[in-house]
> 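I'd like to ask you about the structure that follows.
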Amino acid sequence: MPELTRRSLIKATLAGSAALTFSGCGMLPRKAGSNSPQQYTGAIGLADGRFAVGAIAPSGQMLWQAPVNTRCHSGCNRPGTAEVLFFERRPGWAFYVLNSKTGEQRHRIEAVKGEHFVGHGVFSPDGRYLYAPVNRYEPGEGIIAVYDSHQNYRRVDTFELNGIGPHQITMHPDGQTLVVGLGGILTHPDYDRIKLNLPTMKPALVMMDRVSGDILARFRPSHHQLSTRHVDVAPNGTVYSAYQYQGPDHELPPLVARYRNGHYEEIDFGESVHRELGNYISSIIAHPENELVAIASPIGGTALIFNGRTGEVIEKSAIADCAGVEALAGGDFLVSSGRGKLVRIGKGKPGVEIANMLVQWDHHLV
């Protein structure tokens with residue numbers, strides 16, 4: 001089939017997301033239903049200053065800890081295998097491939113010279129190819145690096161994003177489309193966390209063909225300083241993006257957007273809720289069993305659940321330094337905090353602490 005025709009069909013599928021078919025590998029989302037795994041994994045800081053990746057049971061019990069060289073951020077499970085990956089954090093010079101049952105390290109893959117990882121990745125539905133957002137830090141270019149797990153994670157391809165500062169990536173339920181949060185913020189390892197281009201940012205939600213690397217769609221937020229960082233996709237194909245606002249603190253723009261039925265639109269929770277979120281969202285997760293979506297803000301110390309169809313806030317809880325979120329079987333969510341807490345929250349269920357550990361959870365659970 002000619003490339004132009006195939007791309008047109010993909011775009012039509014994205015616009016009519018209710019008609020999407022599923023690939024049958026359980027790739028979206030990962031944490032609910034009858035096949036719900038028995039653990040969640042996150043990066044942790046230890047009391048003695050060392051760093052690790054830790055696995056927990058849904059009840060909050062720590063199952064294992066695997067030491068890593070430096071602080072990690074997030075990762076992804078490899079479909080159909082007992083492997084979980086975690087990426088080093090800002091700048092990410094490597095990622096780790098761990099046995100998800102024991103924590104044993106199988107590989108440590110370093111970034112190409114002149115590049116660094118940004119903390120996230122996602123696998124192809126069959127578990128073979130890893131797609132990792134990467135920053136080429138001298139020219140300030142964002143790319144997607146492709147690794148082949150069948151070749152011990154050898155780099156096999158590179159896709160250009162034509163933008164700056166990619167962050168989270170996930171797979172659309174069509175099994176073909178990568179969804180990328182393009183933050184738009186220029187950084188460089190020599191300047192620590194200094195943001196070098198705030199007046200000229202160009203953040204976007206990007207849709208990319210995972211085979212060809214073609215960019216299928218690019219959606220801009222309503223303000224050029226709404227850094228599009230985190231993304232997730234509901235099983236019906238609705239795409240959610242979460243922002244981190246880089247403008248003045250007193251301004252309270254919308255921090256969540258969704259793409260459905262061909263339309264990209266931002267969700268306004270109201271001034272009081274936006275104030276509680278501190279202009280910063282660290283995680284967004286669409287639950288696979290219902291219409292609910294959860295977000296967390298460590299700056300605002302707030303986790304909330306909203307109805308993905310209507311935008312109505314359903315539940316809200318004050319959790320200091322909360323950041324990581326994942327879906328639990330049965331319809332609830334699990335929230336982690338940098339103060340070691342694990343909290344369960346759901347519709348009509350304000351946050352209930354299920355564990356309090358002597359660790360610092362980083363921003364994501366997988």
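The structure presented is a predicted model; accordingly, all values stated were derived computationally and were not measured.
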> Grouping I, L, V, M, F, W and Y whenever their side-chain heavy atoms are under 4.5 Å apart, do Tyr245 and Leu252 come out in a common cluster?
no
> Between Phe86 and Tyr96, does the ring centroid distance fall short of 6.0 Å?
no
> Does Asn152 have any side chain to side chain donor-acceptor pair (under 3.5 Å) partners at least two apart in sequence or in another chain, and if so, which?
none
> Indicate yes or no: at least one non-hydrogen side-chain atom of Ile295 is less than 4.5 angstrom from one of Leu277.
yes
> Using the side-chain contact (heavy atoms from CB on, under 4.5 Å) rule, take Arg344 and Leu328 through it: C-alpha gap first, then chi angles, then the decisive distance, then the call.
CA-CA 9 Å; Arg344 185 176 187 129; Leu328 289 166; 3.8 Å; yes
> Could Arg258 and Glu265 be called an ion pair, given the rule that one side-chain N must be under 4.0 Å from one carboxylate O?
yes
> Do Gln244 and Ser227 have side-chain atoms, one donor and one acceptor, less than 3.5 Å apart?
no
> Does the distance from a Lys or Arg side-chain N to an Asp or Glu carboxylate O, for Arg108 and Glu110, drop under 4.0 Å?
yes
> Might you point out which heavy atoms bring Val239 and Val179 nearest each other, and give the distance in Å?
CG1-CG1, 3.6 Å
> Transitively linked via ILVMFWY side-chain contacts under 4.5 Å: Trp93 with Ile109?
no
> Evaluate side-chain contact (heavy atoms from CB on, under 4.5 Å) for Arg89 paired with Cys72, printing each intermediate quantity in order.
CA-CA 5 Å; Arg89 180 185 176 100; Cys72 289; 5.6 Å; no
> Check the pair Tyr153 / Tyr147 against ring pair (Phe, Tyr, Trp, His ring centres under 6.0 Å), numbers first and verdict last.
CA-CA 5 Å; Tyr153 291 92; Tyr147 293 83; 7.6 Å; no
> So do the side chains of Tyr259 and Val231 get within less than 4.5 Å of each other, counting heavy atoms only?
no
> Could you tell me if the ring centre of Phe123 sits under 6.0 Å from that of Tyr129?
no
> Which atom pair, heavy atoms only, marks the closest approach of Asn279 to Asp249?
ND2-O, 3.6 Å
> Step by step, would you call Arg210 with Thr177 a side-chain hydrogen bond (donor to acceptor under 3.5 Å, both in side chains)?
CA-CA 6 Å; Arg210 74 171 183 88; Thr177 306; over 6 Å; no
> Membership question, hydrophobic clusters at under 4.5 Å side-chain separation (ILVMFWY): are Val256 and Leu205 in the same one?
yes
> Is any side-chain heavy atom of Leu98 closer than 4.5 Å to one of Val53?
yes
> Measure the CD-CG distance between Glu251 and Leu226 for me, rounded to the nearest 0.5 Å.
9.5 Å
> Taking all heavy atoms of Gly127 and all of Ser149, pick out the closest pair and write down the distance.
O-OG, 3.2 Å
> Flag the pair Leu365 / Ser336 as yes when at least one side-chain heavy-atom distance between them is below 4.5 Å, and no otherwise.
yes
> Applying side-chain hydrogen bond (donor to acceptor under 3.5 Å, both in side chains) to Glu115 and Tyr137, what does each step give before you reach the verdict?
CA-CA 6 Å; Glu115 300 178 359; Tyr137 52 83; over 6 Å; no
> Quick check: closest heavy atoms across Pro235 and Pro173, and the distance to 0.1 Å?
O-CG, 3.9 Å
> Say you draw a straight line from CE of Met208 to NE2 of His172; how long is it, rounded to the nearest 0.5 Å?
15.5 Å
> Drop me the distance from Ile314's CD1 to Asn290's CG, to the nearest 0.5 angstrom.
10.0 Å
> Going by the rule side chain to side chain donor-acceptor pair (under 3.5 Å), which residues pair with Gln151 if we only count those two or more places apart in sequence or in a different chain?
Asp148, Arg154
> Could I get the full list of ring pair (Phe, Tyr, Trp, His ring centres under 6.0 Å) partners for Phe306, not counting sequence neighbours?
Phe269
> For Asn69 and Glu88, run side-chain hydrogen bond (donor to acceptor under 3.5 Å, both in side chains): C-alpha distance rounded to whole Å, both residues' side-chain angles, the deciding distance at 0.1 Å, then the answer.
CA-CA 9 Å; Asn69 296 3; Glu88 293 181 350; 4.8 Å; no
> Evaluate the criterion side-chain contact (heavy atoms from CB on, under 4.5 Å) for residue pair Asn99 and Glu83; output intermediate values, then yes/no.
CA-CA 5 Å; Asn99 183 314; Glu83 286 187 354; over 6 Å; no
> Which atoms form the tightest heavy-atom contact between Ala234 and Tyr240, and what is the distance?
CB-CE1, 4.3 Å
> Provide the closest heavy-atom pair for Arg218 versus Leu182 in the form atom of the first, atom of the second, distance.
NH1-CD2, 3.5 Å
> State plainly whether the residues Glu276 and Lys316 are in salt-bridge range, i.e. N to O under 4.0 Å.
yes
> Could you state the interatomic distance from OG1 (Thr238) to CD (Glu291), rounded to the nearest 0.5 Å?
9.0 Å
> Would you give the length of the straight line joining atom OH of Tyr264 to atom CZ of Arg220, rounded to the nearest 0.5 angstrom?
11.0 Å
> According to ring pair (Phe, Tyr, Trp, His ring centres under 6.0 Å), who are the partners of His224, at least two apart in sequence or on a separate chain?
none
> If the condition is ring pair (Phe, Tyr, Trp, His ring centres under 6.0 Å), which residues does His363 pass it with, not counting sequence neighbours?
His73
> Do Leu334 and Ile354 make a side-chain contact, defined as non-hydrogen atoms from C-beta onward lying under 4.5 Å apart?
yes
> Scan the side chains in residues 158-165 for donor-acceptor partners under 3.5 Å anywhere in the protein, sequence neighbours excluded, and list what turns up.
from: Thr158; atom 1: OG1; to: Arg155; atom 2: NE; distance (Å): 3.3
from: Thr158; atom 1: OG1; to: Arg155; atom 2: NH2; distance (Å): 3.1
from: Glu160; atom 1: OE1; to: Arg136; atom 2: NH1; distance (Å): 3.1
from: Glu160; atom 1: OE2; to: Arg136; atom 2: NH1; distance (Å): 3.0
from: Glu160; atom 1: OE2; to: Arg136; atom 2: NH2; distance (Å): 3.1

> Measure the shortest side-chain to side-chain distance between Val211 and Gln176 over non-hydrogen atoms and say whether it is less than 4.5 angstrom.
yes
> Any salt bridge linking Asp48 with Arg50? Criterion: basic side-chain nitrogen under 4.0 Å from a carboxylate oxygen.
yes
> Should Val112 and Leu130 be counted in the same cluster of Ile, Leu, Val, Met, Phe, Trp and Tyr side chains packed under 4.5 Å apart?
no
> Mind telling me whether His167 and His120 have parallel, tilted or perpendicular rings, with 30° and 60° as the class edges?
perpendicular
> With a 4.5 Å cut-off on side-chain heavy-atom distances among I, L, V, M, F, W and Y, is there a chain of contacts connecting Val118 to Val206?
no
> Say you draw a straight line from OG1 of Thr41 to CG of Asn77; how long is it, rounded to the nearest 0.5 Å?
6.0 Å
> Hey, are Tyr243 and Arg229 close enough side-chain-wise for a donor-acceptor pair under 3.5 Å?
no
> Report the C-alpha separation of Phe333 and Val343 in whole Å, then their side-chain angles, then the decisive distance to 0.1 Å, and conclude whether the side-chain contact (heavy atoms from CB on, under 4.5 Å) test is met.
CA-CA 8 Å; Phe333 295 90; Val343 176; over 6 Å; no
> Starting from the C-alpha separation in whole Å, work towards a yes-or-no answer on salt bridge (charged side-chain N to carboxylate O under 4.0 Å, His left out) for Glu315 and Lys347.
CA-CA 6 Å; Glu315 197 63 65; Lys347 182 178 181 180; over 6 Å; no
